[in-house]
Colleague: 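Before I ask anything, here is the structure I am working with.
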Amino acid sequence: MSKNREIEAKTLLQKKVYDEIVNGFPIKSDFIQENYYFDTPDDVLNNHRISLRIRIYSDHAEQTMKVPDLNPVQKKFHEVIEINDNLAYDQAKKLVSQKHFLFHGNIGQYLNENFATKKNELSLFTWSKTRRILMNGPKNCELTLDATSYPDGYQDFELEIENTNPSLIKEVQKQLEQDYGFKQTAANTNQNKIARASAHRK
């Protein structure tokens with residue numbers, strides 16, 4: 001299990017810009033992840049700005065919950081507390097096939113403490129599949145490039161710059177905007193991936 005503060009700038013990109021950035025920096029890792037999203041029928045987690053998912057990789061998996069940070073260290077970028085529990089690959093595949101089950105581990109404990117009357121109602125409501133590329137970007141700051149497909153076949157492309165230093169995030173974001181000719185706007189910044197998966201369900 002891990003629990004950590006996540007500070008990141010997330011920007012949806014045109015595919016051309018995405019491809020240029022992918023080809024512009026050394027690749028550290030390149031992999032596929034399946035993302036399965038859970039909530040109650042009345043969206044109790046979403047209404048509390050909480051996201052809950054199971055991520056499945058080629059040989060392992062994890063359950064992940066992102067909750068609001070009650071004491072954020074900055075205000076410019078997206079900031080949450082992320083809670084992760086490891087899962088075995090076969091276990092995760094079985095859980096998502098059930099579509100409705102109880103979460104255990106530290107996420108189960110959080111649900112027991114905060115949503116005891118709702119935890120039995122959690123079920124799978126949508127999914128996405130992401131090719132994730134981790135790169136060594138400007139100033140040795142890690143970049144995450146996501147190409148994500150949704151149930152109806154729609155695909156989008158996103159840049160994430162995650163770091164514990166908000167000033168570095170700002171500096172790297174500005175340099176990439178200048179070098180690759182894109183700009184953060186209200187329409188492309190910090191857009192919720194689960195909301196996109198919901199909008200593109202079959």
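Bear in mind that the values here come from a model prediction, so they are computed numbers and not experimental data.
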Colleague: Once rounded to the nearest 0.5 Å, what's the spacing between atom NZ of Lys76 and atom OG of Ser167?
Modeller: 11.0 Å

Colleague: To check you understand the geometry: which heavy-atom pair defines the closest contact between Pro68 and Arg49, and what is its length?
Modeller: CD-O, 3.5 Å

Colleague: Is it the case that over 12 heavy atoms from other parts of the model lie below 6.0 angstrom from the NZ atom of Lys28?
Modeller: yes

Colleague: Please examine the side chains of Leu159 and Leu176, heavy atoms only from C-beta on, and report whether any two atoms are closer than 4.5 Å.
Modeller: yes

Colleague: Does the side chain of Asp19 pick up a donor-acceptor pair with the side chain of Asn23 at under 3.5 Å?
Modeller: no

Colleague: Is there side-chain contact between Lys16 and Tyr18, with heavy atoms separated by less than 4.5 Å?
Modeller: no

Colleague: Between Arg53 and Ser51, does any side-chain donor sit less than 3.5 Å from a side-chain acceptor?
Modeller: yes

Colleague: Would Tyr36 end up clustered with Ile83 when hydrophobic side chains under 4.5 Å apart are linked, directly or stepwise?
Modeller: yes

Colleague: Should Ile21 and Leu13 count as side-chain neighbours, where that means a heavy-atom distance under 4.5 Å?
Modeller: yes

Colleague: Would a hydrophobic clustering, with Ile, Leu, Val, Met, Phe, Trp and Tyr connected at side-chain separations under 4.5 Å, put Val172 with Leu12?
Modeller: no

Colleague: Examine Tyr154 and Phe157 and state if one hydrophobic cluster contains both, with Ile, Leu, Val, Met, Phe, Trp and Tyr joined whenever side-chain heavy atoms are less than 4.5 Å apart.
Modeller: no

Colleague: If you take the centroid of each ring, where Trp contributes its six-membered ring, are Phe103 and Phe38 closer together than 6.0 Å?
Modeller: yes

Colleague: Mark yes when over 12 heavy atoms from residues, nucleotides or ligands other than Arg201 sit less than 6.0 Å from its CZ; otherwise mark no.
Modeller: yes

Colleague: Around Arg132, counting heavy atoms of other residues, nucleotides and ligands shown, do more than 12 lie under 6.0 Å from its CZ?
Modeller: yes

Colleague: Taking it one step at a time, do Ile50 and Tyr110 satisfy side-chain contact (heavy atoms from CB on, under 4.5 Å)?
Modeller: CA-CA 11 Å; Ile50 293 172; Tyr110 183 95; 3.8 Å; yes

Colleague: Can Asn112 and Lys119 be counted as having a side-chain donor-acceptor contact under 3.5 angstrom?
Modeller: yes

Colleague: Quick check for you: to the nearest 0.5 Å, what is the distance between Leu87 atom CG and Lys93 atom NZ?
Modeller: 13.0 Å

Colleague: Measure the acute angle between the ring planes of Tyr180 and Phe25, then classify it against the limits of 30° and 60° as parallel, tilted or perpendicular.
Modeller: tilted

Colleague: Should Thr144 and Glu162 count as side-chain neighbours, where that means a heavy-atom distance under 4.5 Å?
Modeller: no

Colleague: Would you check if there is a donor-acceptor pair between the side chains of Glu171 and Gln175 at a distance under 3.5 Å?
Modeller: no

Colleague: Under a 4.5 Å side-chain heavy-atom rule over Ile, Leu, Val, Met, Phe, Trp and Tyr, are Leu95 and Tyr89 clustered together?
Modeller: yes

Colleague: Going through the checks in order, is the salt bridge (charged side-chain N to carboxylate O under 4.0 Å, His left out) test met by Glu34 and Lys129?
Modeller: CA-CA 5 Å; Glu34 300 171 12; Lys129 187 174 183 178; 5.0 Å; no

Colleague: What distance separates Asn46 CG from Asn192 CG, expressed to the nearest 0.5 Å?
Modeller: 7.0 Å

Colleague: Starting from the C-alpha separation in whole Å, work towards a yes-or-no answer on salt bridge (charged side-chain N to carboxylate O under 4.0 Å, His left out) for Asp156 and Lys15.
Modeller: CA-CA 8 Å; Asp156 62 28; Lys15 186 177 188 304; over 6 Å; no

Colleague: Quick one, Lys99 and Ser123 - any side-chain contact, counting heavy atoms below 4.5 Å?
Modeller: no

Colleague: State plainly whether the residues Asp152 and Lys202 are in salt-bridge range, i.e. N to O under 4.0 Å.
Modeller: no

Colleague: Could you check whether any side-chain heavy atom of Asn86 comes within less than 4.5 Å of a side-chain heavy atom of Asn84, counting everything from C-beta outward?
Modeller: no

Colleague: So does Arg5 pair up with Asp69, basic N to acidic O under 4.0 Å?
Modeller: yes

Colleague: State plainly whether the residues Lys118 and Asp42 are in salt-bridge range, i.e. N to O under 4.0 Å.
Modeller: yes

Colleague: Using atom types as modelled and distance alone, determine if a side-chain donor or acceptor of Glu177 lies under 3.5 Å from a backbone N or O of Gln184.
Modeller: yes

Colleague: If you round to the nearest 0.5 Å, how far is CD of Glu8 from CG of Asn190?
Modeller: 7.5 Å

Colleague: Going by heavy atoms in the side chains, are Glu158 and Lys193 under 4.5 Å from each other?
Modeller: yes

Colleague: Could you please spell out the steps behind the side-chain contact (heavy atoms from CB on, under 4.5 Å) verdict for Leu111 and Leu122?
Modeller: CA-CA 10 Å; Leu111 292 169; Leu122 290 166; 3.6 Å; yes

Colleague: side-chain contact (heavy atoms from CB on, under 4.5 Å) for Lys10 and Phe77? Distances and angles first, verdict last.
Modeller: CA-CA 8 Å; Lys10 302 194 294 183; Phe77 302 110; over 6 Å; no

Colleague: Restricting to non-hydrogen atoms, name the atom on Ala61 and the atom on Ala88 that form the minimum distance, rounded to 0.1 Å.
Modeller: CB-O, 4.3 Å

Colleague: Consider only side-chain N and O atoms of Glu79 and Gln74, and report whether a donor and an acceptor are under 3.5 Å apart.
Modeller: yes

Colleague: Return the CD to NE2 distance between Gln33 and His60, rounded to the nearest 0.5 Å.
Modeller: 9.0 Å

Colleague: Can you hop from Val44 to Leu124 via hydrophobic side chains spaced under 4.5 Å?
Modeller: yes

Colleague: Any chance CD of Gln191 has more than 12 other-residue heavy atoms, nucleotides or ligands included, within less than 6.0 Å?
Modeller: yes

Colleague: Are any of the side-chain nitrogens in Lys66 or Glu6 under 4.0 Å away from the carboxylate oxygens of its partner?
Modeller: yes

Colleague: For Leu52 and Tyr37, run side-chain contact (heavy atoms from CB on, under 4.5 Å): C-alpha distance rounded to whole Å, both residues' side-chain angles, the deciding distance at 0.1 Å, then the answer.
Modeller: CA-CA 6 Å; Leu52 176 61; Tyr37 305 110; over 6 Å; no

Colleague: Can you confirm whether more than 12 heavy atoms, excluding those of Lys94, are under 6.0 Å from its NZ atom?
Modeller: no

Colleague: Side chains of Asn188 and Thr11: any donor to acceptor distance under 3.5 Å?
Modeller: no

Colleague: How many angstroms lie between CG in Asp39 and CZ in Phe125, if you round to the nearest 0.5 Å?
Modeller: 5.5 Å

Colleague: For the residue pair Asp85 and Ile54, establish whether any side-chain heavy-atom pair is separated by less than 4.5 Å.
Modeller: no

Colleague: Taking it one step at a time, do Asn35 and Ser128 satisfy side-chain hydrogen bond (donor to acceptor under 3.5 Å, both in side chains)?
Modeller: CA-CA 5 Å; Asn35 314 288; Ser128 67; 3.0 Å; yes

